[in-house]
Amino acid sequence: MGERRFSGRRVIVTGAARGIGRATADRFAEDGAAVAVVDLDAGAAQAAAEAIAAAHGTMAVGIACDVSVRDQVEAMVAEVARRLGGVDVLVNNAGVTRDNLIHKMEDEDWDLVMNVHLRGAFLCSRAAQRHMVEQRYGKIVNISSTSALGNRGQVNYSTAKAGLQGFTRSLALELGRFNINVNAVAPGFIDTEMTQLTARRLGHEPEAYRQMRAKTIAIGRVGVPRDVANLVCFLSSDEAGFVSGQVVYASGGPETRRG
Ligand code: NAI
């Protein structure tokens with residue numbers, strides 16, 4: 001295949017075995033990148049990487065890693081650098097929800113969500129930026145959420161996603177001088193296993209819940225993982241070279257809690 005937008009680029013996407021991360025890894029590969037599909041589940045990461053490589057004729061490796069554990073993250077980034085030859089793009093996408101009203105929220109629900117989203121983004125970014133600073137080139141995209149604006153039943157998740165926005169701005173200020181762009185994408189309602197589980201927890205069938213949510217979205221439909229993937233890829237491309245420290249909402253309308 002000829003020259004594509006991300007030919008020669010080496011990309012890490014965390015939480016890429018399914019959902020938005022999977023679609024993002026796929027989108028990068030479609031445009032020629034070599035991708036590291038990083039996830040908790042080794043088998044699922046490996047299977048996703050094989051499917052991506054087969055679909056796009058690019059290199060894709062599956063790597064098991066818990067992004068909230070420093071030694072695993074350090075080993076993962078070293079393995080990517082060794083197998084793909086470097087690191088140009090990092091997408092901090094791995095995420096979990098543990099929703100509950102505050103009076104029912106356990107310490108563990110708070111800690112897990114903070115650790116995966118915030119500590120995870122910190123550890124992965126710290127490890128990846130070493131490679132980016134050295135080569136004076138890099139792109140980091142953090143996945144925030146409209147929940148950052150406030151969402152009942154999500155004090156933990158909302159706090160973590162708002163925290164990622166501050167992380168994005170501060171990191172952009174630190175790394176700009178090394179030609180590294182740092183941005184955040186804040187999706188609204190995207191149809192994935194995460195939101196299907198939310199639907200069931202609230203007592204709805206996923207399809208009925210999607211239709212209900214679509215009515216609250218200006219563009220008249222819920223999002224699909226590729227909607228987010230397209231924006232992440234744009235922000236990781238050289239066309240967006242003068243965009244940094246920004247939070248871009250992908251929610252089918254203006255930034256509101258409901259999106
Ligand atoms: P998902 O639940 O379908 O996929 C998340 C992936 O992250 C899974 O493959 C999971 O194994 C992995 N993961 C979880 N903890 C991990 C850890 N400690 N280390 C490595 N991998 C881990 O979720 P979805 O919907 O694809 O969400 C992806 C990101 O987008 C998350 O950060 C989520 O908070 C965010 N988001 C999702 C929205 C939606 O409506 N689905 C809206 C706004 C943001």
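Both counts, for ligands and for their atoms, begin at 1 and track the order of listing. We use all heavy atoms of the structure for the numbers below, so side chains are in, but hydrogens, waters and symmetry mates are not. All figures in this text were calculated on a predicted structure; none of them were measured in a lab. For reference, positions follow the sequence shown, starting with 1.
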I'd like to check whether [X] has a polar contact with ligand 1, where a contact means an N/O of the residue lying under 3.5 Å from an N/O of the ligand.
| X | answer |
| --- | --- |
| Val67 | yes |
| Ala17 | no |
| Asp39 | yes |
| Ser68 | no |
| Val96 | no |
| Arg18 | yes |
| Thr146 | no |

Contacting atoms of ligand 1, where contact means under 4.0 angstrom from a heavy atom of [X]:
| X | value |
| --- | --- |
| Phe189 | 40 (O) |
| His117 | 32 (O), 34 (O) |
| Ser144 | 43 (C), 44 (C) |
| Gly19 | 26 (O) |

Applying a heavy-atom cut-off of 4.0 Å, say which part of [X] lies close to ligand 1: side chain, backbone, both or neither.
| X | value |
| --- | --- |
| Ala16 | neither |
| Cys65 | backbone |
| Ile20 | both |
| Arg22 | neither |
| Val116 | side chain |

For Ser144 and Lys161, indicate whether the former's side chain and the latter's backbone hold a donor-acceptor pair under 3.5 Å.
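Pair found, side chain donor or acceptor close to backbone of Lys161.
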Would you call the rings of His204 and Tyr209 parallel, tilted or perpendicular, taking 30° and 60° as the class edges?
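The arrangement is parallel - the two ring planes meet at less than 30°.
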A side-chain contact here means heavy atoms from C-beta on lying under 4.5 Å apart; do [X] and [Y] qualify?
| X | Y | answer |
| --- | --- | --- |
| Arg18 | Thr192 | no |
| Leu101 | Arg152 | yes |
| Asp88 | Tyr137 | yes |
| Phe189 | Ser251 | no |
| Val91 | Thr14 | no |
| Arg27 | Arg226 | yes |
| Val89 | Phe28 | yes |

Closest heavy-atom pair and its distance - His117, Leu164
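Residues His117 and Leu164, closest heavy atoms: O-CD2, 3.8 Å.
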Can you figure out which of [options] has its heavy atom closest to [atom]?
| atom | options | answer |
| --- | --- | --- |
| atom 16 (C) of ligand 1 | Leu164, Thr192, Leu40, Val38 | Leu40 |
| atom 38 (C) of ligand 1 | Ser145, Ala45, Gly223, Gly188 | Gly188 |
| atom 5 (C) of ligand 1 | Gly95, Ala186, Ser147, Ala148 | Gly95 |

I'd like to know if Lys139 and Asp238 make a salt bridge, using a cut-off of under 4.0 Å between side-chain N and carboxylate O.
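Yes, this pair counts.
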